[in-house]
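These figures come from a predicted structure and were not determined experimentally. In what follows, every heavy atom counts, from backbone to side chain, and hydrogens, waters and symmetry copies are set aside.
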Amino acid sequence: MTTVIKRNKWEIWRDVIFALFVREIRTGFNDKFGISWSVINPVAFIFILSFVRGRMDGGDSHTIPTFVYMAYGLILIQSFLQTLSSSAQSIAKAKTLFAFRQVQPISAVIAASLFELLVKVFVALGIVLIMYFLGLEIRVDNPLLLLSCFVLLWLFSMNIGLIFGILELYVKEVKKFRELASRPMFFISGVFFSLQDFPKEYWHFLDWNPILHAIELSRYAAYTTYGQSGVSLEFLSLTTLSFVFLGIVVYKGFWRQAISR
């Protein structure tokens, strides 16, 4: 006799997200190099830029070894840009699956974002391994703050991606705007510079950017001697919560009409 297993809505939602997550892994690693290339590519990029910058100034950047200084910036900006891109594109990619009642756009966004989070965890471990072989000090003075910065930035980028993903179903040209608007973030988010490099009267031109706060605070979490002038965890948290709320409002209001277009 066949046994029917009853599941509540949360269990169904969890299983759908897991299935979409596995689908992301299979589609993301279907080339010859597989999962290794998705990790090796960003690790090599971060290593080359960090190593070259370290050789150019030959020492520390605001009490942090330059390699470590650059690595934190590059890991976090890559996490933001790639999570934003993947989550925004995930709704359109999974549109055919929405014919099944259990599959909703928010599940695709969460699955794509979790996939990017997994990749970035392996990238960070790869950078730590390189630091070990280079003989660099592996130091984190405030692990909880570092984890908070990483998670908050991930949530921030996922919800911006959710908003763009919904809008792109209405107007396809929004994708071009997203790609154009995200490019300068690599250069204005403190990846190559510190807020401390500028006079205080010019900080307001840069400190509106929550990515800058996340990067500067992550460096401070690793080396408290770096300082946290001009940035705050409260601003990063409030900005993230604001976009989480905005993302939920946009999603609840427009997702049904968006996927039917």
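- Across all non-hydrogen atoms, the minimal contact from V109 to L162 is CG2-CD1, 3.9 Å.
- The cluster map of Ile, Leu, Val, Met, Phe, Trp and Tyr, joined by side-chain heavy atoms under 4.5 Å apart, puts L153 and V244 in different clusters.
- Residues R178 and S85 form a side-chain contact, since some pair of their non-hydrogen atoms from C-beta on lies under 4.5 Å apart.
- If you chain together hydrophobic residues whose side chains sit under 4.5 Å apart, V249 and L238 never meet in one group.
- Taking CD1 from I106 and CD1 from I248, the interatomic distance works out to 7.5 Å, rounded to the nearest 0.5 Å.
- D197 is listed as a side-chain neighbour of H62, based on a closest heavy-atom distance under 4.5 Å.
- Cluster annotation: I12 is connected to L20 through the hydrophobic network of ILVMFWY side chains, with a link wherever side-chain heavy atoms come within less than 4.5 Å.
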What's the verdict on side-chain contact (heavy atoms from CB on, under 4.5 Å) for V128 and Y132, showing C-alpha distance, side-chain angles and the deciding distance? CA-CA 6 Å; V128 169; Y132 173 77; 5.7 Å; no
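- Considering only heavy atoms from C-beta on, L117 stays 4.5 Å or farther from T83 through its side chain.
- The aromatic rings of Y170 and F254 sit perpendicular to each other, their planes meeting at more than 60°, with 30° as the lower class boundary.
- Of all non-hydrogen atoms in G165 and I91, the two that sit nearest each other are C-CD1, 3.9 Å.
- Under the 6.0 Å cut-off for aromatic ring centres, F193 and F198 qualify, their centroids lying closer than that.
- No single ILVMFWY cluster, assembled from side-chain heavy atoms under 4.5 Å apart, contains both V22 and L118.
- Minimum interatomic distance between S229 and W203 (heavy atoms only, all atoms of both residues): CB-CH2, 3.7 Å.
- Every residue meeting the side-chain contact (heavy atoms from CB on, under 4.5 Å) condition with I188, not counting sequence neighbours, appears here in chain and number order: M185, W208, N209.
- Ring pair W255/Y251 is parallel by interplanar angle, where below 30° counts as parallel and above 60° as perpendicular.
- By the criterion of side-chain heavy atoms lying less than 4.5 angstrom apart, applied directly or through intervening Ile, Leu, Val, Met, Phe, Trp or Tyr residues, F18 is not grouped with I25; the two fall into different hydrophobic clusters.
- S218 and C149 get closest at one heavy-atom pair: N-SG, 4.0 Å.
- By the 4.5 Å heavy-atom criterion applied to side chains, I110 and W13 are counted as neighbours.
- Between I130 and F67, the closest heavy-atom pair is CG2-CZ, 4.0 Å.
- At a threshold of 4.5 Å between non-hydrogen side-chain atoms, the residues T239 and F243 count as touching.
- Residues R219 and G73 share a closest heavy-atom pair of NH2-CA, 3.8 Å.
- Without hydrogens or angle criteria, H213 side chain to D207 main chain gives a donor-acceptor distance under 3.5 Å.
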Evaluation steps, side-chain contact (heavy atoms from CB on, under 4.5 Å), between L233 and L152: CA-CA 10 Å; L233 184 62; L152 285 171; 3.8 Å; yes
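- Of the inter-residue distances, the one linking Q89 atom CD with L84 atom CG reads 9.0 Å to the nearest 0.5 angstrom.
- Proximity of a side-chain donor or acceptor of E216 to a complementary backbone N or O of L195 within less than 3.5 Å is detected.
- Counting heavy atoms from C-beta on, the side chains of I215 and S189 come closer than 4.5 Å.
- One finds the OH atom of Y202 at 9.0 Å from the NE2 atom of H204 (value rounded to the nearest 0.5 Å).
- With hydrogens and angles disregarded, a donor-acceptor distance shorter than 3.5 Å links the side chain of Y69 to the backbone of S194.
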With a 3.5 Å cut-off and sequence neighbours excluded, list the donor-acceptor pairs that the side chains of residues 74-82 form with protein atoms.
{"residue": "Q82", "atom": "OE1", "partner": "K120", "partner atom": "NZ", "Å": "2.5"}

Could you please spell out the steps behind the side-chain contact (heavy atoms from CB on, under 4.5 Å) verdict for V68 and Y223? CA-CA 10 Å; V68 179; Y223 287 76; 4.2 Å; yes
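- Distance check: L97 CG to Q102 CD gives 11.5 Å after rounding to the nearest 0.5 Å.
- Checked by atom type and distance alone, the side chain of N159 never pairs as donor or acceptor with a backbone atom of G247 at under 3.5 Å.
- Side chains of Y72 and L146 form a contact here, defined as non-hydrogen atoms less than 4.5 Å apart.
- To the nearest 0.5 Å, the span separating CG on L129 from CD1 on I138 amounts to 8.5 Å.
- Counting heavy atoms from C-beta on, the side chains of F164 and K175 never come closer than 4.5 Å.
- Between the OG atom in S87 and the CG atom in L114 there is a gap of 11.0 Å [rounded to 0.5 Å].
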